[in-house]
Amino acid sequence: MNKVLLIEDEKNLARFVELELQYEGFDVTTAFEGREGLALALDEEWDVILLDLMLPGLSGMEICRRIRAVKDTPIIMLTARDSVMDKVSGLDSGADDYMSKPFAIEELLARIRALKRRTENRSHEGEEDKLSFKDLVIDKSARTVFRANEEIELTKREFDLLVTLMSNKNRVLTRELLLDKIWGLGSYAETNVVDVYIRYLRNKLDKPKQDSYILTVRGTGYVMRE
């Protein structure tokens, strides 16, 4: 994971990050404007994209969505906005990780390394393609979810969260574990990001007047119990 695209309009910050990454052996290309960054992101192959949220020309959210429509390139969102909903919006647009400015270069390097490990682990996973729980059926290769033969539309993040829960049926998963598994944020983010996405899933999956597919274990996390 050595070829990095940095899309950042703060030139002093961009230059600092570029020099530090180059010192660590990364090949860095920098774009200072949204449309230029999107063109580079789509035209070439990158090991990781560092994407500012607030950009002239085209926002980081829109760039992320357009990249995700055609590519799975790992994306780390960089922004000065650090509320929970800002993070949820950034992650929901397709980002793999989220860093609030200002940040230490050591933290950025750690995030890139963690993202590399997760990407490599996903590429070597030999798990079965289909998962089932009660009347829910997931086809991981097609990225589809059906409830009693009715397809349920999920975002990428919701889908990954549901796969993780269904792959660990009857096992209580902590919020911290889910953060690390799905978002790679670990202790860097508030655990209520997980709560927000669990609520999204329940709104889409659960049936009126029936128990939720996803159970809350007070003070710990979540579980899908058969």
Side-chain angles (χ1 to χ4, degrees), residues 1-10 13-14 17-18 20-21 24 26-105 107-123 143 154-161 163-164 178-186 188-189 193-194 196-197:
M1 188 171 286
N2 291 323
K3 191 177 180 183
V4 177
L5 174 61
L6 172 62
I7 309 175
E8 169 63 65
D9 66 325
E10 295 182 39
L13 175 60
V17 172
E18 181 181 32
E20 291 291 334
L21 291 180
E24 296 293 331
F26 292 92
D27 178 11
V28 184
T29 298
T30 303
F32 301 106
E33 191 268 341
R35 295 188 184 281
E36 175 193 7
L38 177 62
L40 286 168
L42 297 180
D43 291 345
E44 299 184 36
E45 295 302 317
W46 307 93
D47 293 308
V48 64
I49 297 173
L50 307 178
L51 177 61
D52 186 27
L53 179 63
M54 305 296 290
L55 290 164
L58 203 63
S59 74
M61 294 281 192
E62 183 61 24
I63 292 171
C64 195
R65 281 191 287 266
R66 295 192 190 187
I67 293 172
R68 279 291 167 264
V70 294
K71 287 187 173 185
D72 291 324
T73 309
I75 297 172
I76 299 178
M77 193 80 81
L78 309 175
T79 178
R81 298 164 63 178
D82 62 355
S83 73
V84 171
M85 290 313 299
D86 286 331
K87 293 178 181 179
V88 168
S89 297
L91 295 168
D92 208 24
S93 68
D96 295 278
D97 203 346
Y98 190 111
M99 289 192 64
S100 300
K101 301 176 185 177
F103 54 83
I105 195 67
E107 180 183 346
L108 177 59
L109 291 168
R111 300 291 189 96
I112 292 174
R113 289 193 295 269
L115 190 53
K116 180 180 180 180
R117 288 194 297 271
R118 294 197 305 277
T119 302
E120 290 175 345
N121 288 340
R122 284 197 297 265
S123 67
R143 296 191 70 83
L154 300 181
T155 66
K156 177 181 182 297
R157 200 71 57 180
E158 291 165 354
F159 182 87
D160 291 344
L161 179 57
V163 166
T164 299
L178 290 169
L179 275 172
D180 186 61
K181 176 72 174 176
I182 308 302
W183 290 273
L185 298 176
Y188 296 116
V193 168
V194 174
V196 170
Y197 274 85

Exercise for review: Check step by step if side-chain contact (heavy atoms from CB on, under 4.5 Å) holds for Thr29 and Trp46.
Suggested key: CA-CA 10 Å; Thr29 298; Trp46 307 93; 3.6 Å; yes

Point to revise | Stepwise side-chain contact (heavy atoms from CB on, under 4.5 Å) check, Cys64 with Leu51 | key: CA-CA 8 Å; Cys64 195; Leu51 177 61; 4.0 Å; yes

Exercise for review: Begin from the C-alpha positions of Ile49 and Ile67 and carry the test side-chain contact (heavy atoms from CB on, under 4.5 Å) through to its verdict.
Suggested key: CA-CA 10 Å; Ile49 297 173; Ile67 293 172; 3.8 Å; yes

Practice item. Please lay out, stage by stage, how Met99 and Met77 fare under the test side-chain contact (heavy atoms from CB on, under 4.5 Å). Key: CA-CA 6 Å; Met99 289 192 64; Met77 193 80 81; over 6 Å; no

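Side-chain contact between Leu78 and Leu13 is absent, with no heavy atoms from C-beta onward closer than 4.5 Å. Side-chain contact between Leu5 and Thr73 is absent, with no heavy-atom pair separated by less than 4.5 Å. Side chains of Leu108 and Val17 form a contact here, defined as non-hydrogen atoms less than 4.5 Å apart.
In this structure, the separation between CG on Asp97 and CD1 on Ile76 is 5.5 Å, given to the nearest 0.5 Å. The line from CD of Glu33 to CG of Leu38 is 9.5 Å long, rounded to the nearest 0.5 Å. In this structure, Glu8 CD and Leu50 CG are separated by 9.5 Å, a value rounded to the nearest 0.5 Å. Between the CG atom of Leu58 and the CD atom of Glu36 there is a distance of 12.5 Å, given to the nearest 0.5 Å. Distance check, rounded to the nearest 0.5 Å: CD of Glu107 to CG of Leu109 gives 10.0 Å.
Using a distance-only test at 3.5 Å, with no hydrogens or angles considered, a donor-acceptor pair links the side chain of Asp96 to the main chain of Ile75.
With sequence neighbours excluded, the residues that form a side-chain contact (heavy atoms from CB on, under 4.5 Å) with Thr30 are Leu6, Ala14, Glu18, Val28, Phe32.
Remark: Lys156 does not engage Asp72 in a salt bridge, criterion side-chain N to carboxylate O under 4.0 Å. Between Asp47 and Lys3, none of the side-chain N atoms (NZ, or NE/NH1/NH2) sits under 4.0 Å from a carboxylate O, so this pair counts as no salt bridge.
For the side-chain contact (heavy atoms from CB on, under 4.5 Å) with Asp160, the qualifying choice from Ile182, Leu154, Thr155 is Ile182, the only one to do so.
In plain terms, the two heavy atoms of Ser100 and Tyr98 that are nearest each other are OG-CE2, 3.9 Å.
Pairs passing the salt bridge (charged side-chain N to carboxylate O under 4.0 Å, His left out) check and including a residue from residues 50-63, sequence neighbours excluded, read Asp52-Lys101, Glu62-Arg65, Glu62-Arg66.
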